[in-house]
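Being a predicted model, the structure only gives us computed values, none of them experimental. Throughout, protein chains are lettered first and strands after them, A, B, ... in sequence-line order, and every chain is numbered starting at 1.
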Amino acid sequence: LFSYNTMIAGLMRYGDVDGAKQVFHEMRVRDVVSWNTMIVGYVHNSMIDEALCLFHQMPVRNTISWNTILSGLLHFRSFDVAECFFREMPAKDIASWTIMISGLMSQGQVSEARELFEEMPEKDIRVWNTLIAGYVENERIEMAESLFVKMPQKDSNSWNELIDGLVGTHRLNDAVRFFSEMVQRNPRSWNSILLGLARNRLVKQAHAFFEKNPFKDIISWTNMIVGYFELGESEPALELFEMAPDRDETLWNATIFRLGENDRGEEGLKLFIKMRAEGMNPDHATFTSVMNICSMLPSLDFGKQAHGQVIKVGLDCFVAVCNAVITMYSRCGSIHAAYMVFSHMASRDTISWNSVICGFSHHGNGMESLKLFKQMRLRDVKPD
RNA sequence: AUCUGUCUGUAUUCUGCG
């Protein structure tokens with residue numbers, strides 16, 4: 001039982017939902033953990049319907065089952081549905097409240113979240129951290145600070161969240177001050193400081209921290225590289241890129257994109273080719289960057305070729321990728337190709353509409369733009 | 001590492017400021 005459950009969890013984490021399902025069905029006995037593991041897996045793979053289906057089928061449910069569904073509803077359904085569910089839960093623990101508070105916070109309902117927090121029968125350090133993170137998310141850093149002072153115990157997450165908030169509001173001196181006072185600095189603490197400095201044009205200071213950082217990881221490298229690029233210092237950025245002990249997709253993507261931003265689009269495309277040669281799998285962010293470069297150069301040939309690859313690897317299910325493809329075609333002079341992509345998209349967001357509308361108007365076709373704008377308002381898309 | 005809650009790096013449209 002234990003090893004079956006472990007297998008399911010592993011497969012789900014890897015994204016192999018079908019494999020997990022198969023193992024689950026092969027099991028002769030299942031416990032509540034098996035069921036929960038499946039539900040969690042479905043939620044993590046954005047399959048809320050399947051999660052709900054299993055939830056209703058399972059013979060015994062515990063608080064973890066309920067909490068998992070609650071969190072799934074918040075992420076993939078409306079807040080109101082989740083709230084009903086929360087009210088109807090037979091038993092709630094601290095995690096249930098925490099999930100709701102986090103949901104309210106991400107909706108911007110800061111005072112409602114606070115009320116719920118005050119109503120809680122008991123609290124732990126994680127719900128305090130959740131509240132702090134919520135204030136930070138909603139740019140209420142002064143509230144985060146006062147909570148931080150008030151909370152009965154703090155862990156490194158509490159410190160890190162506060163530091164993130166200070167960084168996010170550009171209070172770098174305060175961020176560094178808290179960082180220095182911190183006892184349990186972990187990789188994330190260092191990276192938050194690096195991010196704060198490097199992305200606010202203080203790359204030199206960031207570099208000093210980078211050198212001192214005992215936990216230099218790939219995120220640290222990425223922060224430094226992007227920081228240099230943002231100052232227009234491509235050379236040190238590229239040197240760091242070459243020196244980095246590991247390169248993951250994000251680092252490749254960041255470097256490719258930033259080369260484009262620094263008017264070195266051809267080199268960006270070369271790097272994209274190298275990325276594939278080195279066996280990395282370009283992802284949706286890679287292709288949005290590549291398309292962006294092709295739009296700027298412009299290079300219809302490369303763009304077309306990359307579009308072919310997008311389709312081949314199935315990344316055209318990402319709205320952002322298709323949006324970038326639309327812009328690529330339209331800036332490369334093929335407004336019709338752009339429109340074809342737009343009209344074949346399974347789902348569109350505001351940016352899709354904006355991209356194709358702007359495309360037509362840049363081509364001097366104001367009539368078509370207006371027509372699309374009218375259509376847009378007939379759909380349930382809000383113009384911005 | 002058998003199951004739930006907070007947490008760091010990259011990307012797509014337009015506009016404005018630089």
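At a threshold of 4.0 angstrom between heavy atoms, the contacts of N186(A) with the nucleic acid are absent. In this structure, S71(A) reaches neither bases nor backbone, as no heavy-atom distance under 4.0 Å exists between it and the strands shown. Within 4.0 Å (heavy atoms only), I125(A) reaches no atom of the nucleic acid at all. Contact annotation for I94(A): base contact, defined as any heavy-atom pair under 4.0 Å involving a base atom. V40(A) comes within 4.0 angstrom of sugar-phosphate atoms only, judged by non-hydrogen atoms across all strands, and of no base.
An OP1 or OP2 oxygen of C3(B) is reached within less than 4.0 angstrom by a side-chain nitrogen or oxygen of R13(A).
With ring centers used as reference points, W159(A) lies 6.0 Å or more from F179(A). Within the 6.0 Å centre-distance limit, the rings of W221(A) and F210(A) are counted as a close aromatic pair. Two rings, from F148(A) and W128(A), have their centers 6.0 Å or more apart.
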Donor-acceptor list for residues 233-244 of chain A side chains, cut-off 3.5 Å, not counting sequence neighbours:
from: E235(A); atom 1: OE2; to: R264(A); atom 2: NH1; distance (Å): 3.1
from: E235(A); atom 1: OE2; to: R264(A); atom 2: NH2; distance (Å): 3.2

- Strand RNA chain B as a dot-bracket string - pairs counted if Watson-Crick or G-U with both distances under 3.5 Å, | where the partner lies in another strand: ..................
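For the pair K21(A) and F24(A), the cation-pi test (distance below 6.0 Å, angle within 45°) is failed.
Side-chain atoms of N138(A) come within 3.5 Å of backbone atoms of M105(A) as a donor-acceptor pair (strictly under, hydrogens ignored).
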- Which letter, B, S or -, goes with each nucleotide of nucleotides 10-18 of chain B from 5' to 3', with contact meaning a protein heavy atom under 4.0 Å? BBBBS----
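Distance from the side chain of D164(A) is smallest to U8(B) among U2(B), U8(B), G9(B).
One N or O donor and one acceptor, one from the side chain of D248(A) and one from the base of G9(B), sit under 3.5 Å apart.
By the 30° and 60° cut-offs, the orientation of the rings of W66(A) relative to F85(A) is tilted.
A donor and an acceptor atom, one from each side chain of N292(A) and S289(A), are nowhere located under 3.5 Å apart.
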